[in-house]
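One structure is given below, encoded as structure tokens.
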Amino acid sequence: MAHKILLIEGDGIGPEIVAVARAVLGALRERYGLAVELENALMGGCAVDACGDPLPAATLAAAHAADAVLLGAVGGPKWDRIARDQRPERGLLRLRAGLELFCNLRPVQLFEALADASTLKPEVVRGLDIVIVRELTGDIYFGQPRGIETLPDGTRTGRNTMIYAESEIRRIAHAAFRLAGQRQGRLCSVDKANVLETTELWREVVSELATQYPAVTLSHMYVDNAAMQLVRAPKQFDVIVTGNLFGDILSDLASMLTGSIGMLPSASLDANNKGLYEPIHGSAPDLAGRDLANPLATVLSVAMLLRHSLNEVAHAQRIEEAVAKVLAAGARTADIQGPGLPVLGTREMGARVVAAL
Ligand code: IPM
Ligand code: MG
């Protein structure tokens, strides 16, 4: 039976990068017999415009029914000032919560051809291979109470709640320990346990599990130090596990080690490896509609989708090899441009990948 993939283009550069993903899946279907059926649904600002809701019920239902979901990106200045629960980002958060996608994998891998594209020295980043495991359905992103209120004396106050239940920490820690066990066996848990009780509990719960994974060496690091260490000596890390907010920040930081945030895919998984796949960059409204965006993070997200949710490992490898090949041959979008190499647009970069498959 054909795998059902739901495509959500979203806003900004979303339609352009998802078009490349569609072409890549089409090529795998025609050339190598990958059995997939593609469907489309709306989310984000375009869904607000079309149906008055950033996550229409039909989209959530289609996501439940699909075997996996591929998302471009959501958001843009047009929707920044509308009611908070109508904003495109809330649609994405509701989709993550609605599908119980608590486990966000953000691999940070450097393609050899891009060692010079990073703002860091090539020797610091060459061979880099990290996975950030970010908890995705808890923390200050979802904690109650939240809001902006005006106190009786007229002072406005903003409030969010950083909160983790033990069970939430345990399930993401198990996922991270298992992943580290399949890799180099080193897990670094990132928290702010010197100041925040939420993460003091995080550290305790993660530590308690370590005895169940004797092949994994667990270490702990404060988030401020982790940010510094990621820039100073990133290759010390194998797998990093952290909460929702710290994971959001550290994964953007880590993306630049690979040359560009335009290179980083992600997987957001539930307890059964069903997932939502998306590039970690946003909708880049300034690039939208201009054939400028790098489609490779989305293409690599398709590879993750095939591997993690559909168990189509050979097809995933075809994509990853095609990306390595076009980069080695000098194909570059504006964000990863190199001396003497022509700058390609989104469509042309996509065409090169499809040709290399
Ligand atoms: C990400 C993004 C999202 C997040 C936004 C768009 C809500 O920054 O996936 O990292 O903060 O999780
Ligand atoms: Mg982010």
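Ligands are counted one by one from 1 in listed order, and the atoms in each one are counted from 1 as well.
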Atom 6 (C) of ligand 1 has as its nearest protein heavy atom E89 CG, 4.0 Å

Closest to atom 2 (C) of ligand 1 among protein heavy atoms sits D248 OD1, 4.0 Å

OG1 (T157) and CD1 (I148) are apart, to the nearest 0.5 Å, by 8.5 Å

Any ion pair linking E320 and R307 (charged N to carboxylate O, less than 4.0 Å)?
yes

- Hey, does R106 sit under 4.0 Å from ligand 1 if you only count heavy atoms? yes

Looking at D248, the N, O or S atom sitting nearest the Mg ion (ligand 2) is OD1

Q) Does the N or O separation between Y141 and ligand 1 drop below 3.5 Å for any pair? A) yes

Practice task
Examine E278 against ligand 1 and note whether any of their N/O atoms are separated by less than 3.5 Å.
Solution key: no

Between [X] and [Y], is there a donor-acceptor pair closer than 3.5 Å when you use the side chain of the first and the backbone of the second?
X    : Y    : answer
T137 : A97  : no
T258 : S255 : yes
R203 : D191 : no

Heavy-atom proximity to atom 3 (C) of ligand 1, picking from R96, R87, R90, points to R96

Does D252 bring an N, O or S atom to within less than 2.8 Å of the Mg ion (ligand 2)? no

Within the 4.0 Å heavy-atom cut-off, what R134 brings close to ligand 1 is side chain

Describe, in one word, how the ring planes of Y32 and H315 are oriented to each other, choosing from parallel (under 30°), tilted (30 to 60°) and perpendicular (over 60°). perpendicular

Quick one: do Q184 and R186 satisfy side chain to side chain donor-acceptor pair (under 3.5 Å)? Show the steps, please.
-> CA-CA 6 Å; Q184 297 166 44; R186 287 181 293 119; 2.5 Å; yes

